[in-house]
There are 2 protein chains.
Amino acid sequence: MQLHKRDVVEAATAILDDYGIADLTMRRLARELDVTPGALYWHFANKQQLLGAVADRILQPALKEPPSPTWRESISGACERLRDALLSHTDGAELVSASFAAGQSQAATEFLAQLADAATEAGVDAEHADLAARTVVYYVLGFTVDEQSRLQWDAAGALPSDQSVLSTDLGAAWPATSDSSNRFAFGLRLLIDGIAAHRASRQGQSVG
Amino acid sequence: MQLHKRDVVEAATAILDDYGIADLTMRRLARELDVTPGALYWHFANKQQLLGAVADRILQPALKEPPSPTWRESISGACERLRDALLSHTDGAELVSASFAAGQSQAATEFLAQLADAATEAGVDAEHADLAARTVVYYVLGFTVDEQSRLQWDAAGALPSDQSVLSTDLGAAWPATSDSSNRFAFGLRLLIDGIAAHRASRQGQSVG
DNA sequence: ACCTGAACACCGTTCAAGT
DNA sequence: ACCTGAACACCGTTCAAGT
């Protein structure tokens, strides 16, 4: 039967989840779809574009924005959804980070625009709102790439019996997800406070 | 004559500057050094490690820290030196960003420690100083990767005669380096203000 | 319109064997 | 100790030709 873009992206996501970004090659993907590598180039101009489509798929859940009462919650909510989306696919942060840098993810652009809106709400002038949004995205991507590589490294080295590197002392379980989330929230607060400070130093508006 | 690590890193940097990161392959590098690819693996365990050494070389100028009167100037000074170092090599931001994420650059770790010291000076507790430093580095790397890709794209498309995409209107020259630097400074101020706000919300210290 | 076959021009890495 | 020769197991991309 006919090959459609959606099938290709779905199969690519499956390879990503099961084997990671290093195994997500055009040839491997073609094999999985029972076609010749050349077939993929009928649907996608090149690998970068295909990865961009995978990035868009990963970012879908991060784009739903429930209305927030304050701009602070708009930003931190969006960032938490972004991090969650990245963490729910093997090497998700790395893939999206690369696609974002290459300008191949339409969803990333959309996400950026949402953040810029929140920054505008916060009182940042239009000229700088996009920049504030980018700064926030750089943080989330950088943090999550780091976090995910550690998580996956630990998961790979984890033996069936709980023999972790840091669990030589009894009882004390390995610093869990909650700690990582706290660390994430710290950096986020830094940025949000920075945006608030900028707003305040420009013109006095109602406190968000 | 004998091949030394320093020769290899120097030749690698030359390829980077002249042809970019895509052409910085082990085989190409070996050819340039008049050796067999296998020879490189006597001196470096793998390509990542070699790229880490190149990153260290690029970061060297960013590590000199002149004493600053305030922690704010320590941070912004370090960040400007980092950006300058990255921009002075083709694809420098991309290479250092990758090496940093892979944990292969010793210089990047050192740079991080310097920033963490400044954050501590600012009144951030030890537990969070490293995190604040990372947040700043994520910003500088993210911003500069973006900036450099645009710069290089423009430079590649620039015809001998000043036929730029945006210069269809007369007189108005293309937004120059100064604008980019202003944008860089904006995001940096955001982060520094965020750090200051965090310090203030914790305990009242002398204003930096 | 959509895909195959086959090629082009490469990669990173390993390792016995040489000096 | 340091490097070569040669191989292993791959890559992304193109494009005439088929259906």
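Proteins come first, then strands; the chains are lettered A, B, ... in the order of their sequence lines, and each starts at number 1.
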Separation of [N] [atom2] from [X] [atom1] (nearest whole Å):
X	N	atom1	atom2	result
His4(A)	dA1(C)	NE2	C1'	11 Å
Leu24(B)	dC10(C)	CG	P	16 Å
Leu33(A)	dC2(C)	CG	C1'	14 Å
Asp34(A)	dT4(C)	CG	P	9 Å
Arg28(A)	dC11(C)	CZ	C1'	18 Å
Phe44(B)	dA1(D)	CZ	C1'	16 Å
Arg31(B)	dT4(D)	CZ	P	15 Å
Leu50(B)	dG12(C)	CG	P	10 Å

Exercise. Could you tell me whether Arg134(B) sits above the aromatic face of Tyr139(A), with NZ or CZ closer than 6.0 angstrom to the six-membered ring centre and within 45 degrees of the axis?
Key: no

Quiz item: Where the side chain of Arg81(A) meets the backbone of Lys64(A), is there a donor-acceptor pair that is under 3.5 Å apart?
Solution: yes

Exercise. Check whether any side-chain N or O of His43(B) sits under 4.0 Å from OP1 or OP2 of dA1(D), and answer yes or no.
Key: no

Quiz item: Is there a side-chain polar atom (N or O) of Trp42(B) under 4.0 Å from OP1 or OP2 of dC2(D)?
Solution: yes

Self-check item: Identity of whatever pairs with dC11(C) - Watson-Crick or G-U, under 3.5 angstrom
Solution: none

Quiz item: Now, which nucleotide makes the Watson-Crick or G-U wobble pair with dA1(C), with each of the two distances under 3.5 Å?
Solution: dT19(D)

Practice problem: Could you grab the distance from atom CG of Asp17(B) to atom NE2 of His89(B), nearest 0.5 Å is fine? | Solution: 5.5 Å

Quiz item: Which nucleotides of nucleotides 13-19 of chain C have their base under 4.0 Å from a protein heavy atom (B), which only their sugar-phosphate (S), and which neither (-), written as one string 5' to 3'?
Solution: BB-----

Quiz item: Would a line drawn from the ring center of Phe143(B) to the ring center of Tyr138(B) be shorter than 6.0 Å?
Solution: no

Practice problem: Look at atom CD of Gln152(B) and say whether more than 12 heavy atoms of other residues, nucleotides or ligands are closer to it than 6.0 Å. | Solution: yes

Quiz item: Near Gln49(B) CD, under 6.0 Å, is it more than 12 heavy atoms from other residues, nucleotides or ligands?
Solution: yes

Exercise. Apply the test side-chain contact (heavy atoms from CB on, under 4.5 Å) to residues Glu80(B) and Ser181(B): give CA-CA distance (whole Å), side-chain angles for both, the deciding distance (0.1 Å), then the verdict.
Key: CA-CA 9 Å; Glu80(B) 266 145 29; Ser181(B) 292; over 6 Å; no

Quiz item: P atom, dA9(D) versus dC8(C): distance in rounded Å?
Solution: 22 Å

